[in-house]
Each structure stands twice: as C-alpha cells, then as structure tokens.
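When a ligand or atom number is given, it counts from 1 through the structure's own listing order.
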Amino acid sequence: MTTSLLNRLLGTFSQRSQSRVEPLTPPVQAYVKSTAPAATPISSQELRDYPPVERWNDWTEYDPKEWPRKVARRYTLVPTVCFNCESACGLLAYVDVETLKIKKFEGNPLHPGSRGRNCAKGPATLNQVYDPDRILYPLKRAGKRGEGKWVRVSWDEALNEIAGRIRKAIIEQRQTEIIYHVGRPGHDGFMEWVLPAWGVDAHNSHTNVCSSGARCGQAMWMGLDRPSPDHANARVILLISSHLETGHYFNPHAQRIMEGKMAGAKLIVLDTRLSNTASLADEWLSPWPGSETAILLAIANYLIRTGQYNRDFVRRWVNWADYLRAEHLDLPVSFEHFEMKLQELYAQYTFEFAAQESGVSAEQIERVAKIIARCEGKLATHSWRSATSANLGGWMVARCLWFLNVLTGSIGVEGGTSANVWDKWIPRHPNMAPHPKVWNELTWPQEYPLNFYEMSILLPHFLKEGRGKVDTYFTRVYNPIWTNPDGMSWLEVLTDESKIGLHVHLSPTWSETGWFADYILPMGVGAERHDMMSQETHAGCWIAFRQPVLREAMRRLGKPVKDTRDANPGEVWEEVEFWIELSWRIDPDGKLGIRKTFESPYRPGQKITVDELYGWMFENHVPGLPEAAAKEGLTPLEYMRRYGAFEIRKGVQPTFDKPLSSAELADATIDPDTGIVYTKAPAPPSSNITPLPYFEPDPERGRPIGIKLEDGSIVAGFPTPSRRLEFYSTTLRDWGWPEYAIPTYIHSHVHPSKIDRSKNEAVLLSTFRLPTLIHTRSGNAKWLYEISHKNPVWIHTSDAERLGLRTGDLVKVITEIGYFVDRVWVTEGIRPGVIACSHHLGRWRLQEDGGGRLSTALVELKQEGQGEWRMRQIHGIRPYESDDPDTARIWWEDAGVHQNLTFAVHPDPVSGMHCWHQKVRLEPAGPNDRYGDIYVDTKRAHEVYREWLAMTRPASKVSPNGMRRPHWLLRPFRPAREAYFLPGKGKKS
Ligand code: SF4
C-alpha cells in the first residue's frame with residue numbers, strides 16, 4: 001500500500017452521536033469488544049473517503065434503506081477481488097455482522113491496481129451473490145443431454161464419478177481424453193499446479209477467441225506476449241481498441257489514461273466505431289477494418305525517412321545484424337547499411353498509401369505521425385482484441401504497433417510500454433509436478449505450429465472429423481455454445497456422447513452450454529472463492545488475494561468453517577478446494593504419484609488446506625510480503641486476509657538491460673558471432689512462475705542467459721533466440737512464413753477489395769464490448785441488465801438510406817453460414833460500408849423455467865434437416881416472482897440477438913486467432929422475419945473451417961527439427977521436451 005494513501009485512510013474522523021445503533025447479539029458484542037476501537041457512525045466528512053483501515057473490522061454506518069431515520073448498522077469490511085473481468089480490481093465487502101449478509105461492495109483503496117475505484121460491474125457482484133436463479137446444489141442430468149431434466153446430487157457422488165473416470169483414463173494411458181476448458185481463469189498459476197500433477201495436457205483456453213493475435217505479434221518481437229503500458233507517464237498514448245471504456249485492463253487503465261491526458265499526453269485512438277474511447281481522443285482515426293497495419297507502417301516509414309527514431313536504441317537492441325546476414329549477404333554487416341535497407345523496405349508505406357487502404361485522410365495520418373515523432377521515448381501503446389483479433393493477419397497489427405515502440409525506444413521506460421512479465425508476479429505453488437510427457441493434438445494440432453495458444457474453437461470440428469474423442473470434458477467460466485463462433489457445431493458435439501463422454505460444467509450460473517452438461521457443479525462468484533491474482537495494470541507490480549468474504553467474516557466472528565461451502569449460499573463451493581479434493585480422489589492411495597502434489601507442506605502426507613496453500617505461497621514466494629506482515633505482527637496470510645493486496649514494487653523495472661551478475665558469469669561462454677552468453681549452471685528455481693519462453697540447453701555451451709552488446713556490456717537481453725528485439729524473426733522464417741519475417745502488411749479477409757458495397761455487402765464488427773456487461777457472467781446481475789439489454793446493428797446513415805432503413809427497423813444480416821435478424825441503429829458514428837454489433841447480448845434459454853431469466857429470451861430451437869438450425873424468440877425478458885422483489889419489477893423485454901451463432905470459424909493460419917470480422921450481406925427483413933431469428937447451416941460451417949485450415953502450413957511440412965512447435969516459444973502448460981516431437985521424429989526417452 002502507499003504511505004500517503006494509508007495516512008489518509010488512518011486520518012482522524014469526527015464523530016456523531018445523534019443516531020440509533022441497533023442492539024447487538026452476544027456473539028457480535030464479543031466480537032466488537034475484541035476489535036476496538038468503538039464503533040461510531042460515519043460523518044458527512046467520511047462520506048467523501050474510504051473507511052479507515054484500522055476500523056475495517058468494526059465499521060458502523062447508517063442504513064440508507066432506513067432513510068430518513070438514522071439507523072446505524074455494524075459491518076466487518078472484508079477485502080476481496082472482483083471477478084467480473086480480467087482486471088482483478090479490489091473490492092471491499094460490507095458484511096453485516098448481525099445477519100452475515102453482504103450489504104454492498106465498494107472499492108478496496110489499498111489495491112495498487114484499482115486504487116479504490118471500480119466500474120459498474122464490481123459493485124454488481126452483490127447481484128450475483130443474491131441472484132434468485134443461481135445454481136445452489138450439484139445437479140446431474142436425468143434425461144437426455146439438453147433435455148433439461150436434472151436431479152440434485154451430493155458433492156460426494158459427483159466427485160467420485162468424475163474422479164473415477166479420470167483415474168481410469170490415466171491408468172489406461174488415455175490422458176489426451178481429459179480436457180479442461182476455461183474462459184476467464186480468475187486465478188494465476190493455480191491450474192498450472194493441478195493439471196501437470198495429473199500428467200495430462202488438458203488445458204484448453206478461450207485465448208483464440210480473444211487475444212491470440214495480439215500475443216503472437218508481440219511475442220515475435222520479444223518473446224513475451226503481452227504489453228504493459230505506462231499510460232500515466234506517457235507523452236503519447238496510442239490505443240487500437242476502445243479500452244478506455246472496456247477491455248484489458250479497463251478500470252485500472254482508464255484511470256491512468258486520464259491521468260496521462262491530464263498531464264498533457266496526447267490520446268490517439270484507432271477505432272472504426274465512435275466508441276466512448278474514440279470520443280475522448282485527441283485524434284480519432286476510423287480506419288477500414290484490417291487497414292490498421294497500413295497506418296502503423298506509414299507512421300513507421302515517416303519516423304525512418306525523417307530520421308526521427310531512436311538510433312541508439314535500435315542499434316543496441318534490434319537484431320538488425322541477423323537481418324543483414326540472412327537477407328543481404330552482399331552488404332557489410334553495419335548499422336548504417338541496415339538503416340539504408342530499412343528506408344527501402346518501408347518507403348512504399350506512404351501516407352497516401354495508408355489513406356487509400358484505410359479511408360483515413362493522409363493529412364490526419366501525417367498529423368498523428370508527427371505527434372508520435374515527438375513522444376520523446378514515452379509512447380504507451382495497447383491493443384487487445386479489436387483489430388488484432390478480428391482480421392486475417394491481425395497479429396501483424398500488434399507486430400507493427402510494437403514496431404513504433406521499438407523505433408521510438410519506448411520499451412521498459414517511464415511513460416513507455418513494458419512486457420507484462422516485468423509487472424506481474426505469480427508465486428510458485430508447493431510440490432509442483434514436472435512437465436507432462438503428453439501432447440494433446442485436439443488442442444495443439446500440427447497445422448498450427450506457431451499458434452497462441454490452444455485451437456479451442458476447432459474442438460467440435462476435430463471431433464466431427466474423428467481426430468479423437470473426449471472422455472471427461474470440463475467447462476469452467478466458459479460458454480462455448482454462446483461465446484464461440486459456430487455455436488451450433490458445439491451443440492452438435494456436446495449432445496453426442498460418443499464424442500464427449502462426460503461433460504462437467506463448473507459455474508455459478510445457468511448458461512447455454514451448461515444446459516448440455518451431465519453435471520453442473522455450483523461454483524462461487526467473485527466474493528465466494530480464494531484466488532491469487534496479479535495483473536500488469538500499470539508501471540508497478542502487485543498481488544491481490546480474492547477471498548470468500550462470508551467465510552472470512554465468520555472467521556473474524558469466531559464461527560468455525562470446515563470448508564467454503566459452510567459459508568457460501570446452498571452448497572456453492574470454491575474451485576480451489578474442489579480441485580484439491582478431486583485430485584485427492586483420483587489418486588486416493590498415492591500410487592499414481594498425483595496425490596503428493598496436494599499434500600500439505602506443513603503436515604507430511606496430509607491433504608493441503610486452503611490456508612496452507614496460500615500461507616505457504618505468501619510466506620515463501622512473494623518478495624517483501626513476509627517483512628511487511630512482520631512489521632504489523634501478522635503472518636503473510638493474515639496480512640493478505642486483512643488488506644487484500646500487496647504492492648511488490650512501484651515503477652518501471654524491465655529485465656532486458658539488467659547486467660548479469662558475476663555469479664551468473666562465473667562459467668559463462670560467449671558466442672563470438674552473436675554475443676549470446678551461455679552457462680552450464682542449472683537454472684535457479686524461481687519464485688515467480690509467470691510464463692516465460694524456454695531455451696533448452698545447448699549440449700556444448702549450456703543454456704542462454706544473456707547477451708554481450710557492442711559496447712561490451714553483458715546483460716540479460718530479451719527471451720528470444722537472438723536475445724534481442726526481433727525485427728527479423730528467424731522463427732517465422734524457419735517455420736514456414738518467411739514472407740512475414742519482418743513487419744509487413746497483410747490483407748485482411750475483409751479487405752475493401754473483397755467487399756462489393758453495390759451488392760449491399762458490408763463488414764460486420766462483432767467484437768465490441770459494453771462497459772457494463774461481461775460475456776456470460778453478467779447475466780445474473782440485475783443492475784447491469786437494467787442498464788444494457790439490447791445490441792442493435794450500428795449502420796451508417798448512407799447505408800441505411802440506400803437500404804431504406806430507419807432506426808428500429810429490422811435488418812437481415814446474412815453471413816457465410818446463415819443469418820440473424822436485428823434492429824438497426826442509424827448513426828454517423830461508424831464508417832460507411834461497416835456495421836457493428838456488440839457481442840455482449842443475445843442470451844437465450846430453451847425452457848420457461850430454464851434459469852437465467854434476468855438476461856435470456858425464451859427461444860424455440862429446431863433442426864431442419866442435417867445441420868440446419870433455426871432459432872426463434874418466443875418472448876424476451878419478462879418480470880417474474882422470486883425471493884427478490886426486483887424481478888417482478890423488470891420493465892425491459894429485450895435480451896438482444898445472438899450473432900455469434902451465425903459465424904463460421906476463421907482461424908488465422910499463423911496465430912490461430914479466430915478472425916472475428918465478418919463479410920456480410922444486408923437485406924431489410926422480410927414479412928416472415930422476426931426480431932432475433934437465427935438460421936445456421938453447420939455443414940457449410942464445416943466447409944468454411946476446411947477452407948481456413950487449407951491456409952495453414954503444418955509442422956509436418958515446415959518443421960525444421962521434427963518438432964511440433966518451436967521449443968523456445970511460449971506455451972502454457974508446457975509439456976516435456978520429448979512430447980514436442982512429431983510422431984516418428986525425435987528421440988523418446
Ligand atoms: S474493471 Fe470492473 S469488472 Fe473489471 S475487475 Fe475492475 S471492477 Fe471488476
């Protein structure tokens with residue numbers, strides 16, 4: 001925590017006496033006595049501030065519902081972490097010590113990322129806890145999959161059946177038949193602890209509907225796949241997305257973008273749509289989708305040809321010598337010759353060229369280039385989803401964006417952009433298992449040797465093709481039928497028990513995918529679970545502790561809790577305890593070697609408890625935390641339970657220019673040609689397990705640990721094959737994509753040349769988020785749905801006039817595999833020829849009482865012939881009676897339209913990213929079309945999958961060393977080296 005913030009929080013407060021304090025029951029009296037100082041109601045002064053931290057245990061304030069009476073209530077304030085997006089902002093739960101009900105959530109002022117502030121979704125955690133439709137008990141399917149018949153079962157029954165199946169699969173060497181598919185993990189490092197212990201390569205993520213493109217573009221430069229911009233200190237902030245209002249890491253970034261702006265930074269936003277972010281920009285550029293790279297390269301060209309780039313930085317850190325040696329054997333290897341070539345390479349990207357591609361005027365692009373040229377090494381850039389996740393070749397948008405950071409030297413400096421791992425900390429878990437010796441081709445197929453990461457969207461297509469089957473399939477915080485493209489193909493395989501043997505859905509809420517599960521296991525929302533979180537929200541590094549707030553309140557009140565189920569509603573559990581218990585039951589006698597990972601580091605042979613797990617990590621692997629806790633007479637775990645967050649470091653701290661120590665250099669050798677430093681010393685165990693590229697030791701020289709630069713300094717460098725920033729990627733060159741070895745322009749699948757506007761063709765932007773909703777998880781938050789419940793199609797005035805459409809009219813949006821019918825919103829805030837529709841709405845259910853009534857339309861779903869599906873809304877959202885009187889007051893009907901069902905998969909052949917933009921044709925709706933209608937042909941969807949698959953260059957054809965993937969390249973849940981080899985290649989150990 002910051003000293004100034006603490007001082008402010010610990011400040012003295014005036015007291016008021018004219019209030020009525022409710023009498024306390026004896027146990028609460030005892031608690032209050034033990035947590036002096038005495039409770040006093042708040043004053044108007046305090047209303048402007050946060051409750052002082054020393055009074056969190058015993059806080060009194062007036063109950064607003066009793067107004068105008070002044071009735072004081074006593075609370076214990078428990079810090080936790082929001083789970084409604086990836087930002088991991090701090091929350092402070094107000095738990096009524098008398099009723100043990102949560103009254104509200106506010107921000108945790110001690111959280112270094114969010115600093116006491118939240119977006120609308122944070123406080124709405126309260127709705128999720130008290131949602132009357134939530135799933136409170138384990139349920140097992142009673143009829144056919146998807147029939148909607150369920151029986152309540154015990155946790156024991158569910159655990160024993162699931163554990164038994166997994167145990168059998170492991171014993172029978174069917175490790176690849178276990179798949180764990182997660183949307184938002186909400187924790188750091190936890191499943192990296194669990195799944196390798198089982199010896200499986202089971203992890204499947206949502207990454208390739210989200211960030212594969214951005215990751216790939218970034219990793220090809222520096223080995224590390226995510227940026228961490230220092231917006232607050234930047235001179236120029238360049239965003240390719242709308243994440244001043246949404247996206248990674250929305251609230252923490254928004255605060256700092258505004259701070260940067262208030263300090264004089266220029267805000268440049270590339271967003272085809274007039275988003276709230278674009279509306280606050282100094283320069284808003286609305287490019288034709290997919291042309292962002294052309295604009296970035298035109299800016300790069302301007303910096304290069306005018307000499308306004310950081311020559312020293314480029315000379316020192318870019319692998320220009322590799323480029324010259326490989327591509328210009330005729331030239332001397334000198335920086336001056338590289339500069340000459342650089343000018344030639346990018347001369348074609350003029351402002352006029354970029355204007356022609358993007359539709360943005362050459363004057364504006366030039367103006368923006370001049371602003372960037374004046375950034376003085378303080379260019380904060382960010383792109384997440386948006387163009388990188390929407391276009392064929394979208395990963396090159398991220399590569400070209402980072403090119404500007406390289407040219408301006410804005411990397412790892414104040415006001416510039418860092419790599420995520422420099423600002424993120426994942427403590428090591430106890431007893432971590434070795435890398436599994438298994439490679440799962442259902443998630444890591446040979447066609448995509450450079451993908452970032454699992455090809456999760458293709459699982460149904462692979463299963464349909466008979467590439468394998470799944471014995472036990474977990475879905476967790478994930479709703480692929482609704483979230484992914486081609487959801488009907490998901491539905492088809494989820495209802496086929498020969499393809500998926502057992503589907504276990506872990507979720508607090510009903511969802512379209514949960515409906516097709518065998519088990520639904522009720523898991524806690526953000527306030528009902530333990531997780532360790534750390535995110536690269538700004539120039540600094542922190543960890544935060546999500547904790548079940550009622551459990552912690554009960555602990556403070558001296559009420560015993562065996563596990564988190566004792567504190568949560570119904571039999572809602574938390575995943576940490578669930579996975580430990582499941583793992584224990586898979587290997588009850590320890591003979592499979594699984595159990596030992598889950599044994600207590602304090603009580604040998606005994607099952608680890610949640611307190612022991614986090615206590616051990618906080619004691620052993622968070623720098624500075626034990627000392628900070630000791631100063632307050634607390635254990636590290638007590639410290640985290642009290643404050644909810646710990647700031648490891650402030651400010652920018654890159655590792656690439658860190659000199660190697662004399663100990664590291666003790667037996668080092670230096671390659672005279674490349675300058676790469678090798679050591680034979682084994683790598684020391686690290687406390688931080690944030691994923692890093694891995695370089696296997698060279699048999700002669702050992703493992704690379706740094707680089708000797710031209711000025712003689714010996715530093716760590718970047719985790720790339722050259723230990724430098726890779727302008728020239730030998731990995732792309734050697735793995736089948738030599739034409740993309742340097743930053744270049746790739747035509748998107750929605751390039752203007754492919755769209756015939758005279759035939760009413762258009763590009764559909766389907767990726768934009770709403771600030772108030774978050775995929776499936778916000779479906780049980782009544783406040784959020786009251787704010788946002790429709791997703792009309794944005795259409796430019798000129799296109800609407802041509803089609804004869806006015807705001808509110810129905811339009812039929814025809815995709816390559818079907819269509820959807822939605823209302824239009826006619827606006828000047830979108831480029832002509834482009835339409836947009838938010839993906840955050842269009843939830844549906846198949847039965848009237850099928851759960852999720854706050855956010856779903858009741859629909860009829862019919863299969864008409866093989867692979868042809870029609871969905872029609874029977875009615876929208878309606879008021880209903882429940883324990884919550886607000887559900888009878890629902891005044892809105894609209895649930896939006898589910899567009900993703902009508903999209904085929906578009907996996908980028910390099911990054912694996914699903915390219916979300918759609919080429920569509922627009923028609924005014926006909927007399928038989930109704931709002932929300934959907935038609936899909938999954939046979940056609942499969943053909944489109946095959947067309948995109950044909951663009952790949954499989955490892956079996958291009959691998960230079962018989963491996964499935966470059967061994968150094970980042971890969972979550974990295975298997976052992978021997979598993980990397982293609983069948984018949986390499987040496988098995
Ligand atoms: S930005 Fe909003 S939803 Fe995301 S973690 Fe912060 S408060 Fe929660």
Side-chain angles (χ1 to χ4, degrees), residues 50 78-94 102 104-129 131 183-188 206 210-211 226 228-229 231 239 241-259 275-277 382 384-385 420 423-424 477 508-509 524-538 540 542-547 549 644-645 768-785 787-788 838-840 855:
Y50 299 97
V78 183
T80 191
V81 176
C82 180
F83 197 165
N84 277 333
C85 84
E86 61 291 325
S87 303
C89 300
L91 292 176
L92 201 54
Y94 285 59
I102 307 166
K104 61 179 174 180
F105 290 93
E106 294 194 341
N108 176 1
L110 304 183
H111 188 294
S114 55
R115 303 182 292 189
R117 302 172 222 172
N118 298 103
C119 77
K121 302 187 289 287
T125 302
L126 188 70
N127 298 165
Q128 297 169 313
V129 173
D131 162 31
R184 171 59 42 207
H187 49 226
D188 279 317
H206 75 287
C210 177
S211 58
R226 291 174 73 146
S228 176
H231 292 308
L239 307 177
S241 73
S242 58
H243 64 264
L244 183 49
E245 68 200 84
T246 63
H248 286 253
Y249 294 102
F250 153 41
N251 164 42
H253 271 192
Q255 301 175 18
R256 290 161 175 101
I257 291 169
M258 295 317 293
E259 280 173 16
S275 57
N276 292 336
T277 307
H382 202 201
W384 212 247
R385 304 192 184 91
N420 67 325
D423 293 341
K424 184 178 172 85
V477 200
T509 61
V525 300
E528 298 166 342
R529 45 183 297 128
H530 287 95
D531 294 299
M532 219 297 305
M533 295 290 301
S534 175
Q535 301 290 38
E536 63 281 11
T537 53
H538 63 282
W542 51 265
I543 62 161
F545 191 34
R546 184 177 290 126
Q547 58 183 336
V549 300
F768 76 89
R769 277 178 162 190
L770 300 174
T772 42
L773 293 182
I774 188 75
H775 311 296
T776 302
R777 298 204 285 303
S778 50
N780 62 347
K782 61 186 179 186
W783 298 336
L784 301 179
Y785 258 75
I787 298 169
S788 311
S838 170
H839 66 278
H840 267 152
S855 57

If we only consider heavy atoms of Ala88, is any one of them less than 4.0 Å away from an atom in ligand 1? yes
To the nearest 0.1 Å, how far is atom 2 (Fe) of ligand 1 from its closest protein heavy atom, and which atom is that? Cys119 SG, 2.3 Å
of all protein heavy atoms, closest to atom 6 (Fe) of ligand 1 is Cys89 SG, 2.3 Å
Taking atom types as modelled, is there a side-chain donor on Tyr94 or Glu106 under 3.5 Å from an acceptor on the other? yes
Does any donor atom in the side chain of Gln547 or Asp531 lie under 3.5 Å from an acceptor atom in the other side chain? no
Inspect the contact between [Y] and [X] and indicate whether a charged nitrogen and a carboxylate oxygen are less than 4.0 angstrom apart.
X: Glu86; Y: Arg769; answer: yes
X: Asp131; Y: Lys782; answer: no
X: Glu259; Y: Arg115; answer: yes

Answer yes or no for Cys85: is there an N/O/S atom below the 2.8 Å cut-off from atom 6 (Fe) of ligand 1? no
Proximal candidate to atom 1 (S) of ligand 1 [heavy atom criterion; set Ile774, Asn251, Thr537]: Asn251
At less than 2.8 Å, would any N/O/S atom of Cys82, backbone or side chain, sit next to atom 8 (Fe) of ligand 1? yes
For Asn118, the ligand 1 atoms with a heavy-atom partner under 4.0 Å come out as 7 (S)
Which of the atoms of ligand 1 are close to Lys121, meaning less than 4.0 Å from one of its heavy atoms? 3 (S)
Please determine whether side-chain contact (heavy atoms from CB on, under 4.5 Å) holds for the pair Phe768 and His840, giving the CA-CA distance in whole Å, both sets of side-chain angles, and the decisive distance to 0.1 Å. CA-CA 8 Å; Phe768 76 89; His840 267 152; over 6 Å; no
Heavy atoms only, cut-off 4.0 Å: how does Ala120 contact ligand 1, side chain, backbone, both, or neither? neither
Is the cationic atom of Arg546 (NZ for Lys, CZ for Arg) positioned less than 6.0 Å from the six-membered ring centroid of Phe83 and within 45 degrees of its normal? yes
